[in-house]
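The structure under discussion appears below in the form of structure tokens.
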Amino acid sequence: MADDEHPSTTLWAISDLHVAVKANKAVVETLRPRNPADWLIVAGDVAERPELVLKTLGELARRWAQVIWVPGNHELFCRGADAHVGEARYDQLVDGCRRLGVLTPEDPYPEFGGVTICPLFTLYDYSWRPAGTTISEALEIANQSQVIMTDEFAIRPFVDPVLWCRRRLAYTVRRLARVDGPTILINHWPLAREPLSAVYYPELSMWAGTRHTQDWGTRYQARHVIYGHLHIPGTTVVDGVPHTEVSLGYPREWQPREGDRTWPYPVMEVR
């Protein structure tokens, strides 16, 4: 995989590209691999409209040897007039990715340098809500605080996220149980709760994943967990496993740290 000019091959990771924003699109257009054999993980929130998601992934797939995509909540945003809504939207994107040669959570897990790369799609189930509250009570508290995710208007009207999350968890556990050896787990939503301590509005944690993935890093021998969603890039070590957010975010978030941010993030190298 490596040669004299490019002594190592790198698995890179990015998320939260939000390319519908002009400044973000310009950043993504500059991305290039260091080695033609490099791989790229795209951990969700490319854009809202499926045609823009697939156009962007297609452009990246022409530059990297392999692109791996997992959906974020923004890819699942729907409007009533859309031909594909709810779970059908996800299926539409998976079909489009397969035509582009982009791997998804529905494809066989690939290996990179002897490590199994596991793209996941677990969604959220409101289980990271205030202790002692029901989902309805927690949503009412968030509503009163005027801290409501767009998911409530662009995902929930088209599909029950709790039921979908349960099915995704069962499906993913069955697949991960068949993996031997070390893994790199990729999900848009954080798998562990610890990174949520940095979220400015605690109410947003309800839409940030599910408690049922808390121990997946150790259970499935992860060398690294890669995620996005929070727009708070950095690494949190949970039970000895590094969990790294690889988001770009919106210009107001990335521009102040443009000079010292690491993006894309180098997950691992093979020499």
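Computed from heavy atoms alone, side chains included, the values below leave out hydrogens, waters and symmetry copies. Worth saying up front: this structure is predicted, and the values here are computed from it rather than measured.
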side-chain contact (heavy atoms from CB on, under 4.5 Å) between D151 and F77, worked out: CA-CA 7 Å; D151 302 34; F77 284 178; 3.6 Å; yes

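- Not one N or O on the side chain of R34 forms a donor-acceptor pair closer than 3.5 Å with the backbone of D38.
- Summarising the geometry, atom CE belonging to M268 is positioned 10.0 Å from atom CH2 belonging to W39; distances are rounded to the nearest 0.5 Å.
- Side-chain N or O atoms of E245 include one that pairs as donor or acceptor with a backbone N or O of L230 at under 3.5 Å.
- Residues Q146 and Y201 bring no donor and acceptor atom of their side chains to less than 3.5 Å of each other.
- Nearest heavy-atom pair across I135 and D125 is CD1-O, 4.0 Å.
- Taking the charged nitrogens against the carboxylate oxygens, D82 and R49 do have a contact shorter than 4.0 Å, which makes a salt bridge.
- To the nearest 0.5 angstrom, L103 atom CG is 5.5 Å from I68 atom CD1.
- Of the possible polar contacts, one joining the R257 side chain to the E253 backbone as a donor-acceptor pair under 3.5 Å is found.
- Shortest non-hydrogen contact noted between W207 and L139 is CZ2-CD2, 3.5 Å.
- In this structure, V53 and L93 have side chains that are in contact, with non-hydrogen atoms separated by less than 4.5 Å.
- At a threshold of 4.0 Å, the pair E29-K25 counts as salt-bridged, since one of the basic side-chain nitrogens sits closer than that to a carboxylate oxygen.
- Of all non-hydrogen atoms in H188 and P71, the two that sit nearest each other are CB-O, 3.2 Å.
- For the residue pair E106/T104, the side-chain donor-acceptor check at 3.5 Å is not satisfied.
- Between the side chains of D239 and T218, not a single donor N or O lies within less than 3.5 Å of an accepting N or O.
- The structure places NE2 of H18 at 12.0 Å from CG of L52, a figure rounded to the nearest 0.5 Å.
- Distance alone, capped at 3.5 Å, is enough to place a donor-acceptor pair between the D45 side chain and the N73 backbone.
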Stepwise side chain to side chain donor-acceptor pair (under 3.5 Å) test for D91 and H84: CA-CA 9 Å; D91 294 340; H84 301 84; over 6 Å; no

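- Residues Y265 and H224 place their aromatic rings such that the two centres sit under 6.0 Å apart.
- Of all heavy-atom pairs spanning P130 and A138, the tightest one is CD-CB, 4.1 Å.
- T210 has its side chain out of reach of Y126: every pair of non-hydrogen atoms, C-beta onward, lies at least 4.5 Å apart.
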Stepwise side-chain contact (heavy atoms from CB on, under 4.5 Å) check, N187 with T172: CA-CA 11 Å; N187 199 45; T172 306; over 6 Å; no

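- V27 is listed as a side-chain neighbour of W254, based on a closest heavy-atom distance under 4.5 Å.
- Listed for the Q66 side chain is a donor-acceptor partner under 3.5 Å among the backbone atoms of G101.
- The number of heavy-atom neighbours closer than 6.0 Å to CZ of R219, taken from other residues, nucleotides and ligands shown, is above 12.
- Distance CG/L163 to CZ/R168: 14.0 Å, rounded to 0.5 Å.
- E75 places a side-chain N or O within 3.5 Å of a backbone atom of G72 that can act as its donor or acceptor partner.
- Cluster membership for V21 and L248, using ILVMFWY side-chain heavy atoms within less than 4.5 angstrom, is not shared.
- In this structure, L176 and L185 have side chains that are in contact, with non-hydrogen atoms separated by less than 4.5 Å.
- Under the 4.5 Å side-chain heavy-atom criterion for ILVMFWY residues, no single connected hydrophobic cluster contains both L11 and W69.
- Inter-residue side-chain proximity for F112 and V267 is flagged as unmet; no heavy-atom pair is nearer than 4.5 Å.
- T213 contributes no side-chain N or O that, together with a main-chain N or O of W216, makes up a donor-acceptor pair within less than 3.5 Å.
- For P266 against T262, the heavy-atom pair with the smallest separation is CD-CG2, 3.7 Å.
- One hydrophobic cluster, built from ILVMFWY side chains closer than 4.5 Å, holds both I14 and V19.
- Between the side chain of N24 and the backbone N or O of G249, at least one donor-acceptor pair lies under 3.5 Å.
- Contact record, P190 with L196: CG-CD2, 4.1 Å, taken as the closest heavy-atom pair.
- You'll find the side chain of V238 reaches within 4.5 Å of the side chain of Q214, heavy atoms only.
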Check against side-chain contact (heavy atoms from CB on, under 4.5 Å), Q221 and T116: CA-CA 10 Å; Q221 301 181 61; T116 302; over 6 Å; no

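- By the criterion of side-chain heavy atoms lying less than 4.5 angstrom apart, applied directly or through intervening Ile, Leu, Val, Met, Phe, Trp or Tyr residues, Y90 is grouped together with V162 in one hydrophobic cluster.
- Y109 and V67 fall into different hydrophobic clusters, where Ile, Leu, Val, Met, Phe, Trp and Tyr side chains are chained together by heavy-atom contacts under 4.5 Å.
- If you take CZ on R175 and CG on L120, they are separated by 9.0 Å, rounding to the nearest 0.5 Å.
- Between I155 and Y124 there is a side-chain heavy-atom pair separated by less than 4.5 Å.
- Here the two rings, on W164 and F158, have centers that are 6.0 Å apart or farther.
- Side-chain atoms of R156 never come within 3.5 Å of backbone atoms of P161 as a donor-acceptor pair (strictly under, hydrogens ignored).
- With W64 as the fixed residue, the side-chain contact (heavy atoms from CB on, under 4.5 Å) test singles out one of V102, L40, I41, V42: L40.
- Between atom CD of residue E48 and atom SG of residue C78 there is a gap of 11.5 Å, rounded to the nearest 0.5 Å.
- Contact of the W263 side chain with the S247 side chain is not registered, since no non-hydrogen atoms from C-beta on lie closer than 4.5 Å.
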